Amino acid sequence: MSSSDQPYIDPSEIALEEAVAQRFKNPSDAFWTGMRDAAGAPAMVLFAGMVGFGAMGKTNGFDVWFTTFTSFFMFALPGQVVLFEMAITGSSVLAIALAVTLTSTRFITMTVTLFPQFHQRDRNRSLYASVHLLAMTAWAISMREFHAIETKHRLNYFVGLGLLCWLISVPGTILGYFLAGMVPAPVTLGLVFINPLFFLLTFTEVKPWINRIAICLGCIFGPIFFLIDRDTSLLSAGVVSGTLAYFIDRKFLRKKAGFIG
């Protein structure tokens with residue numbers, strides 16, 4: 001049977017083992033577990049990244065209110081960095097809006113892969129509020145944990161996880177703003193990139209092998225495309241690596257039972 005002839009399976013309807021189905025006693029338990037899972041390494045890494053961003057804002061002449069508001073309303077570190085970089089170079093508002101929008105296209109694939117795993121009753125207009133909590137870290141951890149969480153508790157777990165990550169970004173930005181100049185510039189820039197690195201390492205633990213293949217291909221093609229054209233290298237490497245990983249998965253891996261898990 002070809003992949004096009006296979007029936008669609010709702011991710012939320014995949015049966016779980018009995019032990020998994022009893023992981024949480026109630027929605028509140030799932031919510032606070034998400035909070036606790038975020039309170040460790042995820043929150044610390046995100047906090048460090050926002051400290052670096054706050055210092056970046058002050059160094060480049062932005063006031064504390066504007067710098068903090070970007071963390072509160074955008075909550076997307078790559079987009080915030082692009083916003084600042086283009087504002088510094090004097091780009092037009094339209095160009096800045098377009099560039100920030102392009103950096104946020106990753107949220108489309110993150111949304112369509114994560115939100116269908118929620119229970120059907122949770123797929124309503126309230127998700128428009130929950131989507132603001134969607135970030136690289138929360139998405140990667142949720143993708144890793146959802147296979148072990150009963151469907152009806154997944155949204156509560158995600159909200160607890162994402163809410164703490166979002167709330168911690170504001171004090172991190174403020175602290176970094178007022179600490180600017182007290183630490184060397186290389187350290188400040190390094191803090192900004194801690195969060196993407198943590199996301200990368202977390203994503204390698206997601207069960208399907210296609211994710212690891214895409215990451216490995218990205219490490220190969222990234223430097224190659226950077227040498228060809230540094231301005232478009234990130235986008236080009238991502239498109240090529242992701243497409244090749246998808247092709248390998250569809251043509252080879254899915255034919256080997258048990259390989260993906």
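Please read these numbers as outputs of a predicted model, since none were measured by experiment.
- Atoms NZ and CG, from Lys152 and Asp122 in turn, are 11.5 Å apart once rounded to the nearest 0.5 Å.
- Put simply, the side chain of Thr137 does not reach to within 4.5 Å of the side chain of Val45, judged on heavy atoms.
- Taking CD1 from Ile141 and CZ from Phe158, the interatomic distance works out to 11.0 Å, rounded to the nearest 0.5 Å.
- Residues Met143 and Thr113 come closest through the heavy atom pair SD-O, 4.0 Å.
- Although no hydrogens or angles enter the test, the distance criterion places a donor-acceptor pair under 3.5 Å between the side chain of Arg123 and the main chain of Pro116.
- Sequence neighbours left out, the pairs with a member in residues 90-105 that pass side chain to side chain donor-acceptor pair (under 3.5 Å) are Thr89-Ser91.
- Interatomic distance, CG of Leu114 versus CH2 of Trp139, reported as 8.0 Å (0.5 Å rounding).
- Between the side chain of Tyr177 and the main chain of Phe62, a donor-acceptor pair closer than 3.5 Å is present.
- Ser236 places none of its side-chain heavy atoms less than 4.5 Å from the side chain of Asp229.
- Within the 4.5 Å cutoff, the side chain of Phe24 has no heavy atoms near those of the Trp32 side chain.
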Residues Ile213, Asp249; criterion side-chain contact (heavy atoms from CB on, under 4.5 Å); working and verdict | CA-CA 9 Å; Ile213 294 175; Asp249 177 61; over 6 Å; no

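- Minimum interatomic distance between Ser142 and Leu161 (heavy atoms only, all atoms of both residues): OG-CD2, 3.6 Å.
- Two rings, from Phe66 and Phe69, have their centers 6.0 Å or more apart.
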Go through the steps to decide whether Ser130 and Leu155 satisfy the test side-chain contact (heavy atoms from CB on, under 4.5 Å), and finish with yes or no.
-> CA-CA 9 Å; Ser130 301; Leu155 178 60; 4.2 Å; yes

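- In this structure, Phe225 CZ and Ser241 OG are separated by 7.5 Å, a value rounded to the nearest 0.5 Å.
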Distance-only donor-acceptor pairs under 3.5 Å for side chains of residues 72-84, two or more places apart:
residue	atom	partner	partner atom	Å
Gln80	OE1	Ala76	N	3.1
Gln80	NE2	Thr70	OG1	3.3
Gln80	NE2	Ser71	OG	3.1

Determine, step by step, whether Phe115 and Val131 satisfy the side-chain contact (heavy atoms from CB on, under 4.5 Å) criterion, reporting the C-alpha distance in whole Å, the side-chain angles of both residues, the deciding distance to 0.1 Å, and the verdict.
-> CA-CA 9 Å; Phe115 282 27; Val131 76; 4.1 Å; yes

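- Using a 4.5 Å heavy-atom threshold, the side chains of Ile149 and Phe146 count as touching.
- Proximity of Met56 to Glu85: side-chain heavy atoms (C-beta onward) are separated by under 4.5 Å at one or more points.
- We find the OG1-OH distance between Thr243 and Tyr246 to be 10.0 Å, quoted to the nearest 0.5 Å.
- The shortest distance between side-chain heavy atoms of His147 and Gln117 does not fall below 4.5 Å.
- Rounding to the nearest 0.5 Å gives a distance of 7.0 Å between CE of Met50 and CZ of Phe53.
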